[in-house]
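I have placed the structure first, in the form of structure tokens, so that the comments after it can refer back to it.
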Number of protein chains: 2
Amino acid sequence: MKQLKDTSTEEKILEAAKEVFMKYGLYGARMQDIADTAGINKALLHYYFRNKEKMFDKVFEGALQKYFTQMDVFGDTTLPIKERIFRYIDNIVNFLSEYPQMTMFIIKEISINPEMFKEKVQPLKKGRGVRFIQALEEEISTGKIKKVDSVMFMINLHSLCTYPFIGAPLFKHALKANGKDYEKDFSTEKLKQSAKNFVELTLGK
Amino acid sequence: MKQLKDTSTEEKILEAAKEVFMKYGLYGARMQDIADTAGINKALLHYYFRNKEKMFDKVFEGALQKYFTQMDVFGDTTLPIKERIFRYIDNIVNFLSEYPQMTMFIIKEISINPEMFKEKVQPLKKGRGVRFIQALEEEISTGKIKKVDSVMFMINLHSLCTYPFIGAPLFKHALKANGKDYEKDFSTEKLKQSAKNFVELTLGK
DNA sequence: GTCTATATAGGGATAGAC
DNA sequence: GTCTATCCCTATATAGAC
């Protein structure tokens with residue numbers, strides 16, 4: 001019986017809440033909409049999560065947790081720099097192809113409610129980024145990789161991996177209007193390859 | 001007296017509406033919030049725009065118009081391909097540094113309300129994109145530029161120019177936490193240069 | 001054109017039956 | 001645990017004075 005916990009009411013609600021909050025944000029989401037999506041009664045939402053904010057917090061924390069886990073590999077000092085970058089690319093692209101709305105959700109809510117960053121995001125990072133950038137700059141100074149602006153490089157890297165999912169609604173329509181088929185012309189494997197090409201072109205083979 | 005029209009009540013409302021709708025979206029935005037931001041009475045919103053949806057439509061159409069105008073240069077057949085790309089980079093980066101939330105606003109609202117695309121976006125594009133991709137593929141086949149996947153290239157190009165503004169809230173915090181200063185380490189000029197480097201690395205000098 | 005006051009609907013939350 | 005009924009505040013929208 002224990003394995004049925006996955007489809008418990010609480011789980012169903014969380015799944016529905018994730019979907020609705022991601023789409024509409026904290027203020028745009030409607031409790032009724034979440035209840036309908038979960039296929040349960042509205043009052044049950046309050047039974048399990050007390051109120052809207054608390055439910056949102058659960059969803060948001062889960063999202064952050066999952067999202068930043070994809071970047072843990074940057075901190076794996078047992079791997080060479082470029083391997084860490086390549087693994088990050090694989091991780092984040094796989095992850096976003098499953099949750100394409102995740103990035104926008106996190107960024108939107110943080111920009112509306114900046115205090116959330118300090119509260120919830122900061123603890124997940126713990127200087128892993130600074131250490132990676134240091135390592136990158138070290139390899140640049142020893143000439144092991146080409147001279148680049150480390151910050152700009154990291155921004156570009158994230159951009160190449162992330163925006164294709166954010167912009168997908170536009171790309172899809174644009175390509176279809178142009179006689180191309182998004183599903184055919186875009187694939188996660190192509191995207192990974194393309195990002196890795198960028199890394200090699202920028203940092204050297 | 002005519003030149004005071006700019007600060008007319010209607011203009012003030014539209015400015016405020018733009019700000020609030022961009023931040024919260026159609027469903028998350030509050031009429032009271034818009035009125036407060038504009039510094040006028042709530043009832044006036046209805047006097048000028050009748051209801052919330054109509055006001056949103058005005059704001060959204062204006063946003064689309066401005067956004068897609070930045071891409072018109074792709075269709076300027078008097079310019080060589082690479083020059084068109086470079087000018088697009090300048091245009092979109094300048095534009096987004098003024099309206100960093102624009103892309104997310106448009107994409108969010110379109111993904112919530114997909115019918116809006118056909119209604120409002122399609123007319124602004126008129127096959128300009130398809131012609132550009134054709135021109136790109138032509139130059140590839142004649143060997144004037146390096147062989148690349150044209151669709152993937154366009155996606156990458158947009159990604160590099162657009163995501164830095166979308167992700168800015170995250171980048172800012174991440175860099176500050178790492179002892180770097182976003183305002184110092186990131187500049188629109190650096191970004192343009194970086195995107196142009198990508199173009200040259202990818203398509204050839 | 002701009003305000004105050006108010007009608008009406010929508011949405012979050014609770015009480016209480018089962 | 002789950003439902004129905006209901007409370008009450010919030011938000012959109014309108015009426016009417018100035």
Side-chain angles (χ1 to χ4, degrees), chain A residues 1-63 105 108-109 112-113 115-116, chain B residues 1-63 105 108-109 112-113 115-116:
Chain A
M1 275 298 166
K2 272 256 165 96
Q3 63 269 43
L4 280 177
K5 270 267 167 91
D6 284 334
T7 49
S8 70
T9 303
E10 189 167 349
E11 279 299 319
K12 275 194 290 184
I13 293 175
L14 269 178
E15 272 309 302
K18 203 193 295 182
E19 197 181 317
V20 176
F21 279 131
M22 285 227 236
K23 192 166 173 188
Y24 295 102
L26 171 56
Y27 300 117
R30 300 286 175 255
M31 297 295 268
Q32 186 62 61
D33 193 1
I34 295 171
D36 293 347
T37 304
I40 50 100
N41 189 280
K42 198 173 57 155
L44 274 180
L45 303 180
H46 294 91
Y47 175 80
Y48 282 100
F49 297 94
R50 209 180 141 89
N51 62 37
K52 192 182 178 185
E53 319 275 320
K54 288 201 203 310
M55 196 161 72
F56 176 83
D57 278 359
K58 264 269 163 46
V59 169
F60 192 63
E61 276 161 23
F105 175 56
K108 258 278 163 223
E109 300 304 323
I112 288 176
N113 232 327
E115 322 81 83
M116 286 204 294
Chain B
M1 276 297 166
K2 272 254 166 98
Q3 63 267 45
L4 280 177
K5 271 269 169 92
D6 284 334
T7 48
S8 69
T9 302
E10 190 167 348
E11 280 299 318
K12 276 195 289 184
I13 294 175
L14 269 178
E15 271 310 301
K18 203 193 294 182
E19 196 181 317
V20 176
F21 279 131
M22 285 227 233
K23 191 166 174 187
Y24 295 102
L26 170 56
Y27 300 117
R30 299 288 173 255
M31 297 295 267
Q32 187 62 61
D33 194 1
I34 295 172
D36 293 347
T37 305
I40 51 100
N41 189 280
K42 202 175 49 160
L44 275 179
L45 302 180
H46 293 90
Y47 175 80
Y48 281 101
F49 296 95
R50 207 180 142 92
N51 63 37
K52 192 182 179 184
E53 317 276 319
K54 287 201 202 312
M55 196 161 72
F56 177 83
D57 277 358
K58 264 270 162 48
V59 168
F60 192 63
E61 276 161 22
F105 175 56
K108 259 277 163 224
E109 300 303 323
I112 287 176
N113 231 327
E115 321 82 83
M116 286 204 294

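The chains referred to below are lettered A, B, ... by the order of the sequence lines, with proteins before strands, and numbering in each begins at 1.
In this structure, Gln32(A) atom CD and dA5(D) atom P are separated by 14 Å, rounded to whole Å. In this structure, the CG atom of Asp36(A) is 13 Å from the C1' atom of dG11(C), given to the nearest Å. Computed from coordinates, the Ile40(A) CD1 to dC3(D) P distance equals 7 Å when rounded to whole Å. Rounded to whole angstrom, the span from the OH atom of Tyr24(A) across to the P atom of dG11(C) amounts to 11 Å. Separating the CZ atom of Phe56(B) from the P atom of dT12(D) is a distance of 14 Å, rounded to the nearest angstrom. Spacing between atom CG of Leu45(A) and atom P of dT4(D) amounts to 14 Å, rounded to whole angstrom units. Rounded to an integer number of Å, the gap from CD of Glu10(B) to C1' of dG1(C) is 12 Å. Taking atom CE of Met31(A) as the reference point, atom P of dC3(D) lies 15 Å away to the nearest angstrom.
Here dG11(C) is the nucleotide among dG11(C), dC3(D), dT4(C) with the atom lying nearest to any side-chain atom of Arg30(A). If you check dA13(C), dT14(D), dC3(D) against the side chain of Lys52(A), the one that comes closest is dA13(C). When distances are taken from the side chain of Leu44(B) to each of dT4(D), dC3(C), dG12(C), the shortest belongs to dC3(C). Considering only side-chain atoms of Asn51(B), the nucleotide from dA13(D), dA13(C), dC3(C) that sits closest is dA13(D).
The side chain of Tyr47(B) contributes no N or O atom lying less than 4.0 Å from OP1 or OP2 of dT14(D). Applying the 4.0 Å criterion to OP1 and OP2 of dT14(D), one finds that His46(B) has every side-chain N and O outside that range.
For Glu15(A) and Lys12(A), the salt-bridge test fails: no basic side-chain N is under 4.0 Å from an acidic carboxylate O.
In this structure, the side chain of Lys52(B) engages the main chain of Leu26(B) through a donor-acceptor pair within 3.5 Å.
One N or O donor and one acceptor, one from the side chain of Lys42(A) and one from the base of dG12(C), sit under 3.5 Å apart.
Between Phe105(A) and Phe60(A), the ring center distance clears the sub-6.0 Å criterion.
Of the residues listed (Ile34(B), Val59(B), Thr37(B)), the one engaging Glu19(B) in a side-chain contact (heavy atoms from CB on, under 4.5 Å) is Thr37(B), and it is the only one.
Within the nucleic acid shown, Ala35(A) has no heavy atom closer than 4.0 Å to any nucleic acid atom.
Of the N and O atoms on the side chains of Asp36(B) and Gln32(B), at least one donor lies less than 3.5 Å from an acceptor on the other residue.
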